[in-house]
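Worksheet: one structure, shown below.
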Amino acid sequence: MNEYSNSDHLRPVVYVDPAKCCNCHRCISVCPVKMCNNGSGDHVSVNHDLCIGCGTCIDACVHGARTGIDDTEAFFADLKAGTPMVAIVAPAVAVNFAGKDLELNGWLKSVGVKAVFDVSFGAELTTKSYVEQIKKENPTIMISQPCPALVSFIEIYRPQLIPHLAKGDSPMAHTVECIRNFYPQYQDCKVAVISPCFAKRREFDENGRGDYNVTMKSLDSWFKKNGVDLSKYPKTKYENPLAERAVLYSTPGGLMRTAERFVPGISAKTRKIEGQPAVFEYLSGLDRSLSSGSKRYYSLVDCLNCEKGCNRGAGTTNKKMPLDELEELVEHRARERQEQWKTTSNKRSALRKLEKTVSAYWKPGIYERTYRDRSATTRKFIKQPGNDKLQEIYASLGKHSRADLYDCGACGYSGCEQMAVAIFNGLNRRENCHHYVLNLAKQNHEKEIREAVNGIANAIRSGSEALRSNLRDLQEIRSANTLTIEGIKDLNKKINGIWDIVGIISTVADQTKIIAFNAELEASSSGEAGKNFHIVATEIRRLSDNIIDSIKEIKDVIDEIQKASDRLILDSERGTRQIDAGLSSAKSLEESFGSLMDATKSPDGSQQGSNQGEQIFANLQQIAQGIEKFSRNTAGGPAAK
């Protein structure tokens with residue numbers, strides 16, 4: 001007896017290392033019952049009273065955060081302390097210690113185990129128990145129970161199926177009970193079970209048969225750690241009689257094929273089902289069928305949790321062995337046993353001898369077991385939310401319509417409703433919903449874009465104001481430039497007027513010079529009387545020459561002024577054209593700024609999100625090109641000077 005015998009609590013068989021768990025929910029995704037996992041924290045913990053112990057999560061965890069719990073350490077400690085023990089070995093040994101199953105017996109004997117028994121013979125006894133119940137009670141349906149994970153599933157989650165579980169206990173329990181009843185020399189020995197399954201420990205707690213669950217996986221690790229080579233140990237036979245085809249029990253359909261020997265044709269009435277999720281879907285469907293009164297079901301259900309049967313249970317070592325190779329090892333062992341029993345030809349005498357041997361170790365009642373309804377545990381920990389609460393949880397996840405219920409399974413659950421139930425029971429949180437996280441990321445992204453757009457809008461407003469100021473300055477410069485051009489043109493007209501005056505002065509000077517010349521001639525002919533007149537005429541002619549020389553200088557200066565004025569007019573007109581081009585570019589920029597402002601606003605005037613991003617980007621490119629063009633047009637123009 002131990003603290004878990006006849007207890008409402010189930011023994012932990014799965015350990016979670018919080019330091020290694022990254023809360024990826026891979027364990028939840030493969031778990032057939034889901035709600036035993038709590039993903040609301042920084043790691044996924046296990047509620048052991050809701051866990052069926054199948055161990056699927058152990059293989060699924062790629063981070064090494066989940067490991068199975070068995071009794072290997074206690075087995076070696078008690079063995080070392082001198083505790084008397086016998087061992088029973090599951091049929092899966094044929095695969096997990098391929099070709100060295102009898103050497104394993106030799107090693108067990110070498111470390112102090114007094115006797116080793118083959119669970120396959122216990123499977124023969126189990127088949128007889130099933131057949132006897134069928135003959136005696138003719139049940140409408142009988143569910144096999146060698147798999148402890150499925151027994152726990154029915155006890156916790158489908159208690160309506162409990163009356164339909166076979167009364168006969170598992171092959172391991174049959175083997176232990178056989179030792180207790182038919183091998184008195186080992187009455188005081190504890191029983192170490194070499195098994196492929198971590199959940200077996202729970203079976204021993206419930207039926208009181210078996211003391212140590214030593215998984216083949218843990219044993220193999222111990223061998224490697226301690227340098228044990230099984231090939232160096234002698235082949236040692238089992239203590240109990242040889243099993244025949246019941247060595248197939250570790251393979252899906254093994255029970256059915258063994259029962260066929262007792263009840264020919266029973267295979268046609270047997271549903272063989274194994275592996276996740278198929279076996280759980282089947283049992284759940286069977287539960288509904290029985291509740292509805294439907295009679296469309298098989299009379300015998302041969303079911304196992306693991307897809308490859310016990311040969312590849314959670315406590316095994318051969319996860320990468322090809323299926324054909326795995327099953328051939330078991331089939332080969334079955335052929336060898338049938339040859340030893342001489343039943344390969346179905347000789348009546350050989351079959352009678354086999355049945356007589358099995359019957360010699362079978363008694364009514366001693367191999368039966370009872371089951372415990374543990375569904376109260378489910379009701380204690382898992383509450384179902386009403387529709388209003390369910391809708392509230394959906395809304396908190398950003399799911400506001402049926403279209404938002406993706407049922408994607410990314411959270412690890414079968415659908416959005418199951419995730420919502422987990423959240424309602426505090427077993428998970430919104431942040432583990434893929435849809436919620438995407439929406440949150442989208443909202444954050446849109447918020448960042450809105451902030452960026454607001455920044456752009458502010459920059460645009462500043463740019464627009466600066467641009468309008470530049471436009472005003474350019475227009476003022478253009479007006480001033482126009483006035484300058486008009487002034488220069490007026491100056492040109494006045495200069496042309498000066499040319500006329502200069503022409504008149506030049507003509508007067510020329511005439512004065514002629515008159516002075518004539519006066520000099522007259523003075524010369526007048527003698528002493530014209531002497532003074534001659535002096536005056538000479539001065540007048542000299543003054544006329546000076547005027548003519550000055551007029552030439554004036555002409556040169558006027559000519560230079562006129563040329564400079566013409567150049568200034570050309571430069572001013574060119575500047576006007578540049579100003580006009582700058583004004584055109586500035587107006588285009590102003591239009592682009594206006595388009596960009598429109599792009600950053602929704603129809604109601606509020607700032608938009610990411611759906612306007614491409615338009616904003618295109619407008620920004622257009623503005624950049626416009627600014628470059630504006631710079632080229634205004635560079636070196638009057639504004640720059």
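Below, all heavy atoms of this structure are taken into account, side chains as well, without hydrogens, waters or symmetry copies.
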Of the non-hydrogen atoms in [X] and [Y], which two are nearest, and what is the gap between them?
{"X": "M142", "Y": "I134", "answer": "CE-CG1, 3.6 Å"}
{"X": "R296", "Y": "S294", "answer": "N-OG, 3.3 Å"}
{"X": "R66", "Y": "S45", "answer": "NH2-O, 4.1 Å"}
{"X": "C310", "Y": "T316", "answer": "O-CG2, 3.6 Å"}
{"X": "C21", "Y": "V16", "answer": "CB-CG1, 4.4 Å"}
{"X": "G168", "Y": "Y130", "answer": "O-CE1, 3.9 Å"}

Output the distance between atom [atom1] ([X]) and atom [atom2] ([Y]), rounded to the nearest 0.5 Å.
{"X": "L326", "Y": "K320", "atom1": "CG", "atom2": "NZ", "answer": "15.5 Å"}
{"X": "S152", "Y": "R372", "atom1": "OG", "atom2": "CZ", "answer": "12.0 Å"}
{"X": "T343", "Y": "R337", "atom1": "OG1", "atom2": "CZ", "answer": "11.5 Å"}
{"X": "K380", "Y": "N47", "atom1": "NZ", "atom2": "CG", "answer": "8.5 Å"}

Residues in side-chain contact (heavy atoms from CB on, under 4.5 Å) contact with I382, at least two apart in sequence or another chain |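 With neighbours one apart ignored, the set is M35, L50, T378, Q384, V421, N425, L427.
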Check residues 97-106 and write down every donor-acceptor pair under 3.5 Å in which the side-chain atom is one partner and the other belongs to a residue at least two apart or another chain.
from	atom 1	to	atom 2	distance (Å)
E103	OE2	K235	NZ	2.9
N105	ND2	T236	O	2.9

Does a side-chain N-to-carboxylate-O contact under 4.0 Å join [X] and [Y]?
{"X": "K114", "Y": "E239", "value": "no"}
{"X": "R374", "Y": "E155", "value": "yes"}
{"X": "R335", "Y": "E331", "value": "no"}
{"X": "D71", "Y": "K190", "value": "no"}
{"X": "K167", "Y": "E137", "value": "yes"}
{"X": "R348", "Y": "E355", "value": "no"}
{"X": "R261", "Y": "E124", "value": "yes"}

Looking at residues at least two apart in the chain, or sitting in another chain, which of them share a side chain to side chain donor-acceptor pair (under 3.5 Å) with [X]?
{"X": "T72", "result": "D70"}
{"X": "E336", "result": "H332"}
{"X": "D169", "result": "Q145, N207, R209"}

Any donor and acceptor pair, going by atom type alone, linking the side chain of [X] with main-chain N or O of [Y] inside 3.5 Å?
{"X": "E244", "Y": "W341", "value": "no"}
{"X": "R333", "Y": "E328", "value": "no"}
{"X": "N240", "Y": "D118", "value": "yes"}
{"X": "N37", "Y": "K34", "value": "yes"}
{"X": "S218", "Y": "V214", "value": "no"}
{"X": "N96", "Y": "M216", "value": "no"}
{"X": "S195", "Y": "C197", "value": "yes"}
{"X": "E325", "Y": "M321", "value": "no"}
{"X": "S144", "Y": "C303", "value": "yes"}
{"X": "N318", "Y": "N311", "value": "yes"}

Answer whether the closest heavy-atom distance between the side chains of [X] and [Y] falls below 4.5 Å.
{"X": "V279", "Y": "E274", "answer": "no"}
{"X": "M256", "Y": "L300", "answer": "no"}
{"X": "V191", "Y": "F204", "answer": "no"}
{"X": "I194", "Y": "V93", "answer": "no"}
{"X": "C51", "Y": "V33", "answer": "no"}
{"X": "Q338", "Y": "R245", "answer": "yes"}
{"X": "Y297", "Y": "S299", "answer": "no"}
{"X": "I179", "Y": "I88", "answer": "yes"}

Could you tell me whether [X] atom [atom1] has more than 12 heavy atoms of other residues or ligands within 6.0 Å of it?
{"X": "D188", "atom1": "CG", "result": "no"}
{"X": "K136", "atom1": "NZ", "result": "no"}
{"X": "E417", "atom1": "CD", "result": "no"}

Run the numbers on H164 and I154 for side-chain contact (heavy atoms from CB on, under 4.5 Å), then give the verdict.
-> CA-CA 10 Å; H164 302 287; I154 290 173; over 6 Å; no
Give the ring-plane orientation class for H174 versus Y367, where under 30° counts as parallel, over 60° as perpendicular and anything between as tilted.
-> parallel
Tell me whether the guanidinium CZ or amine NZ of K399 lies under 6.0 angstrom from the six-membered ring centre of Y406 and within 45° of its axis.
->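 Checked: cation-pi criterion met.
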Side chains of [Y] and [X]: any donor to acceptor distance under 3.5 Å?
{"X": "Y249", "Y": "T127", "value": "yes"}
{"X": "N2", "Y": "D205", "value": "yes"}
{"X": "S170", "Y": "E203", "value": "yes"}

Pick out which of Y233, W107, F76 makes a ring-ring contact (aromatic ring centres under 6.0 Å, His included) with F223.
->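 It is W107, the one option of Y233, W107, F76 that forms the ring-ring contact (aromatic ring centres under 6.0 Å, His included) with F223.
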F117 pairs by ring-ring contact (aromatic ring centres under 6.0 Å, His included) with which of Y361, Y238, F182, Y183?
-> Y183
Applied to residues 280-290, the salt bridge (charged side-chain N to carboxylate O under 4.0 Å, His left out) test, sequence neighbours excluded, yields R158-D287
Test N428 against I28 for side-chain contact (heavy atoms from CB on, under 4.5 Å), laying out the working first.
-> CA-CA 11 Å; N428 224 304; I28 298 179; 4.0 Å; yes
Pair V89-L108, side-chain contact (heavy atoms from CB on, under 4.5 Å): steps then yes or no = CA-CA 10 Å; V89 182; L108 286 167; 4.3 Å; yes
I156 and L10: side-chain contact (heavy atoms from CB on, under 4.5 Å), yes or no, with the steps?
-> CA-CA 11 Å; I156 300 171; L10 291 171; 3.7 Å; yes
Could you go through the side-chain hydrogen bond (donor to acceptor under 3.5 Å, both in side chains) check for S291 and Q160 one step at a time?
-> CA-CA 8 Å; S291 298; Q160 298 90 334; 5.3 Å; no
